[in-house]
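Some notes on the structure that comes next.
Side chains are part of it too, since the values below use all heavy atoms of this structure and drop only hydrogens, waters and symmetry mates. Read the numbers this way: they start at 1 and go in the same order the structure lists the ligands and their atoms.
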Amino acid sequence: MIRVDRGAEPHELPEIRRNERDRFRVVFASRGFDRDALGTRYTEVKEILWRSQRFKCCYCEKLCEVAGNDLEHYRPASLYWWLAWTWENLLLACPNCNRWAKNDEFPLVDETARLRPEEDAPRSEQPQLVDPAAEDPLDAIQFVLDAASGRWLPRPRGASVRGAETIRVLSLDRQALLELFQRHVSQYVMPEVEHLRELMRIGNEQAVRDAWNRWVPRVLQRTAYYAALTYDVLEHYFPDGERQRWGLALPRP
Ligand SMILES: [Zn+2]
């Protein structure tokens, strides 16, 4: 998961929000939360989110198309219906993260601080789920090479409780995703890592820097496949002290 910059609110959204809230308030008063009654007008902003997220799921970083993927409510609509049309609450997620894993879960540090209906977020709410549009997920989640299995696993960074909760709620360590991570590392990252290692062994400083500067910024840009994973793989094979020795920068995605 990497930071998402969703940009400015689309100009049509405030009016949609006003109208839809008024309409849904009546529905909610009569029969409680009804997902089908949420309507689809807020999906007009889906493509904008898709582009701003560089065509990737906001949580697992899988490349996806607009159609067939979900407009995600960071605060689930089932618990926070009045935020269903709020720009700061909208993201684009794949169905595996959104529906299969997260669903209606939204754990808080203190459950008694949960917003009451129609209160604006966040007040004193402290979500346990990392919000990629409001913070840098790299602070909470780290990919670690598991020596026993040889696999790269998402783990809480520095024993971050929010990192652990986010991995759990989104099932970021689900089997199929681990296989995609593994394929990414072995196919796209390790060949370059080995090439750089070889250049370092030869000791050609200029060649090391040239190869690094040609490749690393490209694979750590936000459009790149699994940029957070690539970042931690590079951090693992080229730790800070070594990067300093060779004059290599490791920018966060
Ligand atoms: Zn996903």
Side-chain H-bond candidate by donor/acceptor type, [X] with [Y], under 3.5 Å:
X: Tyr74; Y: Glu88; result: no
X: Asn69; Y: Glu65; result: no
X: Arg183; Y: Tyr226; result: no
X: His184; Y: Thr230; result: yes

For the metal site, I want the angle between atom SG of Cys97 and atom SG of Cys60 with the Zn ion (ligand 1) at the apex, to 10°.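 Vertex at the Zn ion (ligand 1): approximately 110°.
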Can you give the angle Cys94 SG - the Zn ion (ligand 1) - Cys57 SG, rounded to 10°?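 For SG of Cys94 and SG of Cys57, the angle centred on the Zn ion (ligand 1) reads 110°.
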Quick check: does Cys64 have an N/O/S atom under 2.8 Å of the Zn ion (ligand 1)?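 No, outside the cut-off.
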